[in-house]
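What follows is a single structure, written as structure tokens, with notes after it.
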Amino acid sequence: MGLGIGLIGERSTLFCEAGSGLRFDRAGSGADNGFRTENASRATSSESNDRRPDRIELSARRTTIVFAMATVTLPTEIQPRSPQGEFRNEPFTNFNSAETARQMTAALDLVGSHLGREYDLIIGGHRLRTEGKIKSFNPAQPSQVVGIHQRAGAEHAEKAMQAALEAFETWSRTSVEIRASLLLNAAQIVRERKFEFCAWLTYEVGKNWVEADADVAETIDFLEFYSREALRLAKAETPIQLPGELDQLMYIPLGVGAVIPPWNFPFAIMAGMTVASIVTGNTVILKPSSDSPTIAAKFIEVLEEAGLPGGVVNFCPGSGASFGNAIVEHPKTRFIAFTGSRDVGLEIHERAAKHQEGQIWIKRTILEMGGKDSTVVMADSDLDVAVDGVVAAAFGFSGQKCSACSRAIVDAPVYDMFVERVREKVATLTVGDPAVNPNMGPVINKAAMDSILNYIDIGKKEGRLVAGGMARENAEGGFFIEPTVIVDVAPDAVIAQEEIFGPVLAVIKVDGFDEALKVANNTEYGLTGAIYTGSRETLDVATREYHVGNLYLNRKCTGAMVGAHPFGGFNMSGTDSKAGGPDYLLLFTQAKSVAEKLGSVPSRAGI
Ligand code: NAD
């Protein structure tokens with residue numbers, strides 16, 4: 001049975017019909033809160049096809065539909081909310097203010113007293129426990145357990161899929177205004193509890209205050225931006241109306257998606273892929289990274305507080321190899337939204353391409369993968385600005401960003417001076433527990449530390465070490481690595497080609513812009529890149545020829561802002577989905593064109 005909910009102010013009116021069809025009416029008294037749309041009037045006009053329920057019981061927070069023999073209770077707790085004006089990026093917090101520093105310290109204390117709690121799987125709105133558990137740890141103090149989570153296995157994939165399919169019947173037919181309201185309400189909740197979410201990020205993945213704040217701000221931005229984008233998409237107009245026809249173009253949801261985020265932006269990327277899926281009417285199975293499931297569990301709590309109906313997001317921590325594979329392979333999975341490493345992305349791509357018995361579509365994959373990002377520094381650049389940009393982009397969050405600058409490609413006349421200034425600047429960077437807000441915290445786990453140290457060993461043979469190069473011993477056993485700079489590196493060296501995902505900068509000397517450009521384009525990746533130069537002409541050539549999804553001119557290559565810098569890379573960096581841009585939501589929809597011969601039946605009122 002299909003069910004739908006339309007809300008006007010506090011009131012709901014529901015219509016159900018047997019089978020999967022659904023219509024809802026938005027009629028009701030009171031202001032329309034800006035929610036009356038073309039779609040709404042189209043839905044109302046088909047009312048005569050609906051079977052009405054026998055009785056609808058409304059109360060403040062619940063709507064019960066009594067339909068024939070069945071009684072179904074739905075929460076109708078999504079309070080309508082309209083976007084407040086044009087989209088604007090959430091302002092960053094100024095931690096130089098004594099008051100905000102006090103608030104952050106208080107949040108760390110508060111969250112610190114909640115570490116080690118156990119969280120449930122949530123399937124179809126029901127909370128479940130499993131025998132196997134996943135624990136997440138504070139990478140600065142690995143003996144500290146941040147959260148204990150259930151370990152979903154392949155058997156839970158089927159349950160989660162059934163719950164998501166059932167919820168899809170309702171959610172895909174819920175108005176876009178209500179779906180957008182969910183996101184806007186969630187944005188407000190996160191905004192009000194910003195410091196608390198920053199503190200969770202500090203404990204679970206080792207972000208210092210500024211990095212945590214940027215992750216939280218981006219989460220709010222995705223919620224605000226995608227809600228507006230969904231409303232815009234719902235009003236898409238067909239470019240041409242043929243004479244004698246009503247021609248409509250509509251973007252409808254795909255179905256059930258598998259959302260598989262990484263740990264390094266465990267709030268923003270996890271939330272961004274999830275809410276882009278659901279605001280367009282899909283339902284999802286969310287498998288967070290095993291390094292950062294707690295921040296995802298906290299986000300699910302936010303969505304529930306904002307009124308998320310059961311089954312729309314099914315929260316299933318689990319291993320990539322068992323649960324991840326199971327949801328990617330499932331014949332009813334319609335799309336996979338993945339952000340992570342190149343190798344896992346390629347594996348998902350291959351697995352998703354294989355037709356499974358009972359599968360009636362080609363699975364769509366939205367795959368955002370790794371990077372090997374360069375900054376070109378030309379002799380005519382402002383060298384101090386370039387050094388600041390390179391150091392910030394190479395060592396912010398210990399280089400654990402897909403956009404991190406891992407190669408500085410430097411013009412010969414300023415090479416020695418650049419190296420010296422970078423060395424001096426890096427010597428001032430502080431490394432330590434992110435709870436006390438140093439420049440750099442730990443890397444995510446022991447395996448990452450071992451892999452990065454191995455690359456540093458390779459790099460010491462491939463170039464000349466001028467800064468760092470060691471793990472930082474500490475009593476707590478945290479995974480700290482010194483900011484490391486290796487110079488005189490050849491463009492095809494291992495550390496100049498492979499993603500290290502840690503605080504390691506390779507510096508490459510080049511002779512002029514043509515060579516710099518060649519080197520900048522010589523990896524299999526194509527995510528971000530930057531160039532510093534005082535020449536207009538050089539910037540113009542770089543704009544055309546520097547082959548990356550996100551190019552930055554005279555600024556650092558990290559810190560993409562939602563709306564201003566739609567984000568996604570070329571080549572092995574992924575499918576260039578451009579998160580936070582005007583095309584992103586299209587990836588979560590399919591376009592349906594409907595052409596009606598006018599005059600064949602009475603036209604709708606107003607058309
Ligand atoms: P990862 O590839 O190891 O894991 C990403 C996610 O995939 C995790 O949730 C993991 O559990 C899951 N997974 C692993 N194996 C799987 C499988 N076989 N089937 C299904 N799911 C599976 O990446 P990570 O270490 O979490 O994140 C770091 C990587 O992400 C880096 O390469 C970084 O460049 C990339 N990244 C890219 C972007 C971007 O926008 N392009 C953004 C952030 C991070």
Side-chain angles (χ1 to χ4, degrees), residues 134 136 139 149 151-152 154 157 204-205 215 218 222 257-270 272-274 285-293 295-296 315-330 333 336-352 363 365-373 397-406 443-445 447-449 451-452 498-502 523-528 548-550 557-560 562 565-581 584:
I134 293 172
S136 70
H149 295 263
R151 183 184 291 278
E204 193 159 50
V205 296
D215 200 332
E218 192 175 9
F222 281 141
V259 174
I260 306 178
W263 58 265
N264 74 324
F265 278 82
F267 201 18
I269 294 181
M270 175 277 307
M273 294 197 297
T274 302
I285 302 169
L286 167 63
K287 191 213 83 62
S289 163
S290 298
D291 284 309
S292 57
I295 191 73
F315 175 65
C316 300
S319 90
S322 59
F323 187 78
N325 283 348
I327 55 173
V328 168
E329 282 176 350
H330 198 290
T333 297
I336 296 134
F338 164 84
T339 305
S341 63
R342 167 195 177 278
D343 291 354
V344 174
L346 288 178
E347 189 186 332
I348 288 175
H349 184 55
E350 189 176 345
R351 217 175 269 282
K363 289 175 189 167
T365 51
I366 302 154
L367 307 170
E368 292 313 306
M369 293 148 49
K372 188 71 191 173
D373 312 302
F397 191 35
S398 302
Q400 301 171 109
K401 298 182 188 179
C402 55
S403 56
C405 171
S406 58
V443 299
I444 188 67
N445 56 32
M449 187 158 92
S451 159
I452 296 162
E498 296 184 13
E499 186 180 44
I500 299 173
F501 220 57
T523 76
E524 63 178 10
Y525 295 103
L527 188 46
T528 75
V548 292
N550 286 74
C557 64
T558 53
V562 169
H565 314 131
F567 194 79
F570 300 157
N571 298 344
M572 279 298 159
S573 291
T575 50
D576 192 37
S577 67
K578 289 294 184 271
Y584 192 63

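Numbering of ligands and ligand atoms starts at 1, following listing order. Starting from 1, each residue takes its place in the sequence as its number. Because the structure is predicted, anything quoted here is derived from the model rather than measured.
With ligand atoms numbered from 1 in the order given, ligand 1 contributes 18 (N) to contacts under 4.0 Å with heavy atoms of Glu347. Those atoms of ligand 1 with a heavy atom of Phe567 less than 4.0 angstrom away are 40 (O). Less than 4.0 angstrom separates some heavy atom of Ser289 from each of these atoms of ligand 1: 9 (O). Proximity to Asn264 (heavy-atom distance under 4.0 Å) selects the following atoms of ligand 1: 43 (C), 44 (C). Using a 4.0 Å cut-off to heavy atoms of Ile260, the atoms of ligand 1 that qualify are 6 (C), 7 (O), 9 (O), 12 (C), 20 (C), 21 (N). Proximity to Ile269 (heavy-atom distance under 4.0 Å) selects the following atoms of ligand 1: 42 (C), 43 (C). Within the listing of ligand 1, atoms 41 (N) sit less than 4.0 angstrom from a heavy atom of Leu527. Residue Gly370 has at least one heavy-atom neighbour below 4.0 Å for each of these atoms of ligand 1: 32 (O), 34 (O).
Distance check, rounded to the nearest 0.5 Å: CG of Asn445 to CG of Asp291 gives 5.0 Å. Separation of atoms CG (Asn264) and CZ (Phe397) is listed at 6.0 Å; rounding is to 0.5 Å. Taking CG from Asp215 and CD1 from Ile269, the interatomic distance works out to 8.0 Å, rounded to the nearest 0.5 Å. In this structure, CZ on Phe338 lies 11.0 Å from OG1 on Thr365, to the nearest 0.5 angstrom. The structure places OG of Ser403 at 11.5 Å from NE2 of His565, a figure rounded to the nearest 0.5 Å. Atom-to-atom distance recorded for Asn550:CG and Leu527:CG is 6.5 Å, nearest 0.5 angstrom.
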Take Val259 and Lys287, measure what side chain to side chain contact (heavy atoms under 4.5 Å, CB included) needs, and give me the verdict at the end. CA-CA 6 Å; Val259 174; Lys287 191 213 83 62; over 6 Å; no

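One finds no salt bridge joining Glu524 and Lys372 here, because no Lys/Arg side-chain nitrogen approaches an Asp/Glu carboxylate oxygen to under 4.0 Å.
In terms of protein heavy atoms, atom 34 (O) of ligand 1 is closest to Glu499 OE2, 2.6 Å. With respect to atom 10 (C) of ligand 1, the closest heavy atom belonging to the protein is Lys287 NZ, 3.8 Å. Protein heavy atom at the shortest distance from atom 41 (N) of ligand 1 is Met369 O, 2.7 Å. Nearest to atom 28 (C) of ligand 1 among the protein's heavy atoms is Phe501 CE2, 3.6 Å. In this structure, the protein non-hydrogen atom closest to atom 27 (O) of ligand 1 is Pro262 CB, 3.3 Å. If you check which protein heavy atom lies closest to atom 15 (N) of ligand 1, you get Val344 CG1, 3.5 Å.
Here's the thing with Asn325: one of its N/O atoms is less than 3.5 angstrom from an N/O atom of ligand 1. Any N or O atom pair closer than 3.5 Å counts here, and Cys402 shares no such pair with ligand 1. Close N/O approach between Arg342 and ligand 1 is not found [any backbone or side-chain N/O within under 3.5 Å].
In this structure a side-chain-to-backbone donor-acceptor pair under 3.5 Å is missing from Ser292 to Pro266. Side chain of Asp576 to backbone of Phe570: no donor-acceptor contact under 3.5 angstrom is found.
Considering each of Gly320, Gly324, Ala447, the one bringing a non-hydrogen atom nearest atom 17 (C) of ligand 1 is Gly320. Comparing heavy-atom distances from atom 6 (C) of ligand 1 across Pro261, Pro288, Gly340, Ser341 singles out Pro261 as nearest.
Put simply, the side chain of Cys402 does not reach to within 4.5 Å of the side chain of Phe265, judged on heavy atoms. Residues Pro139 and Glu204 are not in side-chain contact: their nearest non-hydrogen atoms beyond the backbone lie 4.5 Å or more apart. Under the 4.5 Å side-chain criterion, counting only non-hydrogen atoms from C-beta, Tyr525 is not in contact with Met369.
Of the residues Leu286, Thr274, Thr339, the one that meets the side-chain contact (heavy atoms from CB on, under 4.5 Å) test with Pro261 is Leu286.
With a 4.0 Å heavy-atom cut-off, ligand 1 is reached by the side chain of Phe338 but not by its N, CA, C or O. Contacts between Thr339 and ligand 1, counted as non-hydrogen atom pairs separated by less than 4.0 Å, involve both the backbone and the side chain. Contacts of Ile327 with ligand 1, taken as heavy-atom pairs under 4.0 Å, are absent altogether.
Heavy atoms of Trp263 approach ligand 1 to within less than 4.0 angstrom.
Within a 4.0 Å radius of atom 4 (O) of ligand 1, the protein has no heavy atom.
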